[in-house]
Amino acid sequence: MKIAAVTYDQVIVVDGVPAFMAEIGGFEMTNGEWAVHFNDAIGIGEIEYTDARSNATLSPEGFQASYAWLITEHQRYLDHVEQQNVANGGSGDTGGGDDV
């Protein structure tokens, strides 16, 4: 799984699927993070800061301890989109199936 979260843009991307968090209240990283990137397939990531701190390497343990909630927030957005689609009469299906 590849995760990227950018505070300023209020977007969390998991495996290429964006969640536009401003649509559901946004999210906040409270330690001055500009962005967090993590790839669990290789077990490494990076934290970028808004101040003069150098970027920091992010370990799997560090991600789980401090940033795993980003995955939950991403899913919260996807659930919201699904609920909106159903409420608007759609199936929530984004397509991609074979047309017969």
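Keep in mind that what you see is a predicted model, and the values were worked out from it rather than measured.
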Peer 1: Give, for atom CZ of Phe38 and atom CG of Asp40, the distance between the pair rounded to the nearest 0.5 Å.
Peer 2: 6.0 Å
Peer 1: Enumerate the salt bridge (Lys or Arg N to Asp or Glu O under 4.0 Å) contacts for residues 66-79, please, sequence neighbours excluded, ordered by first and then second residue.
Peer 2: Glu73-Arg76
Peer 1: Quick one: are Trp34 and Arg53 in side-chain contact, heavy atoms under 4.5 Å?
Peer 2: no
Peer 1: Can you give each donor-acceptor pair under 3.5 Å made by side-chain atoms of residues 60-67, sequence neighbours left out, with the distance rounded to 0.1 Å?
Peer 2:
unit_1 : atom_1 : unit_2 : atom_2 : d
Glu61  : OE1    : Ser59  : OG     : 3.4
Tyr67  : OH     : Glu33  : OE2    : 2.6

Peer 1: How far does CD1 of Ile24 sit from CD of Gln84, to the nearest 0.5 angstrom?
Peer 2: 10.5 Å
Peer 1: I need the Met21 CE to His80 NE2 distance, nearest 0.5 Å.
Peer 2: 10.0 Å
Peer 1: Given Ile12, which partner from the list Leu70, Val17, Val36, Val6 fulfils the side-chain contact (heavy atoms from CB on, under 4.5 Å) test?
Peer 2: Leu70
Peer 1: Looking only at heavy atoms, which two atoms of Pro18 and Val13 are closest? And how far apart?
Peer 2: CA-CG2, 4.1 Å
Peer 1: Scan residues 4-26 for pairs that pass side chain to side chain donor-acceptor pair (under 3.5 Å), counting only residues two or more places apart or in two chains.
Peer 2: Glu23-Tyr77
Peer 1: Under the side chain to side chain contact (heavy atoms under 4.5 Å, CB included) rule, what do Ile71 and Met1 come out as? Steps first, then yes or no, please.
Peer 2: CA-CA 10 Å; Ile71 297 169; Met1 178 182 312; 3.8 Å; yes
Peer 1: Considering only distance and modelled atom types, tabulate donor-acceptor pairs under 3.5 Å from the side chains of residues 43-50, sequence neighbours left out.
Peer 2:
unit_1 : atom_1 : unit_2 : atom_2 : d
Glu46  : OE2    : Asn55  : ND2    : 3.4
Glu48  : OE2    : His37  : NE2    : 2.8
Thr50  : OG1    : Gly32  : O      : 3.3

